[in-house]
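Quick caveat: nothing in here was measured; it's all calculated off a predicted structure. No hydrogens, no waters, no symmetry mates; every other heavy atom, side chains included, goes into these values. Residue numbering restarts at 1 for every chain, and letters A, B, ... go by the order of the sequence lines.
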2 protein chains.
Amino acid sequence: MKSKADLAYESLRSAIAQGNLRPGERINMEELARSFGVSKIPIREAVKRLEADGLLVSRVHAGVTVAGIDVREMRGVFLAREVIEALIAGLAVQRVDDRQLAELHGIQQEMRDLLEQGDTAEMAELNSRFHRVLAEAAGYRILRDLTEQLLLTIRRYRITAPLGERNWRSVVDEHDTIMAALHRRDPRAAAAAARAHIGSQAAHEVEDEAEDGG
Amino acid sequence: MKSKADLAYESLRSAIAQGNLRPGERINMEELARSFGVSKIPIREAVKRLEADGLLVSRVHAGVTVAGIDVREMRGVFLAREVIEALIAGLAVQRVDDRQLAELHGIQQEMRDLLEQGDTAEMAELNSRFHRVLAEAAGYRILRDLTEQLLLTIRRYRITAPLGERNWRSVVDEHDTIMAALHRRDPRAAAAAARAHIGSQAAHEVEDEAEDGG
DNA sequence: TGATAGAATTTCGTATACTATTATCGCTCC
DNA sequence: GGAGCGATAATAGTATACGAAATTCTATCA
């Protein structure tokens, strides 16, 4: 059973991930406690966990704020994902089962359907799910955890710099390339495709950043 | 200033990392609170953070225990470190400054001195420091965080399967290879050396595992 | 003798209340 | 008029207390 702290954590986490709580915004624990209808204790626990996740920053007795998004740090996150996703894809080739393959295909289909409708709002969530399943298929819990951690940071960033429809199309295409390698049971191709996929996304970001001058 | 929860967290964390609290061992929050001379609240916060770190597991109203070490999972951790450390070394080549290089040399010297004395107890700590400085030199916070996370898991594992003196010697030698690449400002060589370093450590572990047959 | 049901104990989860630290606002002095 | 200092308010940190859930022990029955 989930505790109130768990519920508060998930609620706050998704609020931050979806941008309802913006970077720099101040958090008032007492106020949150009131709005959740609980005491400060479970709220505090949720806040502390989010702080450990790097989503909130707090100074003792001096307030809690939503962590800022350091655009420079994003490059590091993409670099890390590049090598981790390559590793995951290579391992997934050897372990992925039919159920997981079916789920991956299902997600791809959903993404294509949404693109048809021009609805890019849910794309980020589906993209996360795709990579989560892939990480699951790789067969090591640590890889799933790392993926989750890195994806969360990127999703937050995407709020401030959303991907356009054209870029989402290339995401879906690149996923297809990864899946083709999975079907061929070709670990090197899968790793290369995954690495290229993240690299391509990073390139889009860097492109955007270039306008800011660094 | 550090809160009591912070202090409890650090204390417990190091107790787990150093094996004073063994996997499967039961944690009594009330007892801990007494021994720390504080109430349950800060202890609870520390416990929850450690749970998020994967060092403790708890079931509601059913006690908290030190997380077990899944030897199979360790392979995943080494695989992840292999690619992350390669990334870090490659980046560090481009950014490492003189102070950091001096610190790395100092750590290497300390490790050599300890080996002379046949004292391998402190080696794990120095090894962690080496990789921490390297991650710092890479210039992205996320890489430092990931390193910290992965190192902690490995250190716990090392409690149950300590490295022998011969293996520690090869660790120091491999660190030297990485540092030579740093001095030559050769990113590819640094990445390759780092990757080989982690791979070599993983090989030792796997070797040991092989006796267990699985 | 072994299994099962229920009670007692253990231990976590949360609310309320209080303390300590920090931030902010206003006043005074330069 | 601006800067520095002090009082007040705001807010996180912690303690105490209570309630709920699960485990464990014991007693009884098959």
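B/Lys40 has no side-chain polar atom (N or O) that falls below the 4.0 Å cut-off from OP1 or OP2 of C/dT11.
What separates NZ of A/Lys4 from P of C/dC12 is a distance of 18 Å, to the nearest Å. What separates CG of B/Leu50 from P of C/dC12 is a distance of 14 Å, to the nearest Å. Across the protein-nucleic acid pair, A/Lys2 atom NZ and C/dT14 atom P stand 14 Å apart, rounded to whole Å. Remark: P of C/dG13 and CD1 of A/Ile43 are 15 Å apart, rounded to the nearest angstrom. Nucleotide C/dT14 holds its C1' atom 15 Å from the CZ atom of A/Phe36, rounded to whole Å. Taking atom CG on B/Asp6 and atom P on C/dA20, their separation rounds to 18 Å, with Å as the unit.
The only member of A/Glu82, A/Arg158, A/Arg81 that meets side-chain hydrogen bond (donor to acceptor under 3.5 Å, both in side chains) when paired with A/Gln201 is A/Arg158. In summary, of the residues considered (A/Arg195, A/His131, A/His197), a side-chain hydrogen bond (donor to acceptor under 3.5 Å, both in side chains) with A/Glu85 occurs for A/His131 alone.
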Q) Can you check side chain to side chain contact (heavy atoms under 4.5 Å, CB included) on B/Glu103 and B/Phe130, steps first, answer last? A) CA-CA 8 Å; B/Glu103 194 169 350; B/Phe130 183 91; over 6 Å; no
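Along DNA chain D, the nucleotide nearest to A/Arg59 and the one nearest to A/Ile41 differ in position, and the one closer to the 5' end is contacted by A/Arg59.
Taking every heavy atom of residues 20-35 of chain A and every atom of DNA chain D, pairs under 4.0 Å involve A/Ile27, A/Asn28, A/Met29, by number.
Think of the region where chain B sits on DNA chain D: with heavy atoms and a 4.0 Å cut, that region ends 5' and 3' at D/dG13 to D/dT23.
Counting heavy atoms from C-beta on, the side chains of B/Arg13 and B/Asp53 come closer than 4.5 Å.
Residue-level contact check: A/Arg44 touches the bases, meaning some heavy atom is under 4.0 Å from a base atom.
Sequence neighbours left out, the pairs with a member in residues 117-142 of chain A that pass salt bridge (Lys or Arg N to Asp or Glu O under 4.0 Å) are A/Glu110-A/Arg129, A/Glu125-A/Arg155, A/Arg132-A/Glu148, A/Glu136-A/Arg144, A/Arg141-A/Asp145.
Aromatic ring centroids of A/His175 and A/His105 lie 6.0 Å or more apart.
Rounded to the nearest 0.5 Å, atoms OG (B/Ser14) and CG (B/Asn20) are 7.0 Å apart. B/Tyr157 OH to B/Thr153 OG1: the interatomic distance, rounded to the nearest 0.5 Å, is 12.5 Å.
In summary, A/Glu45 and B/Arg44 engage in a salt bridge, as defined by a charged side-chain N under 4.0 Å from a carboxylate O.
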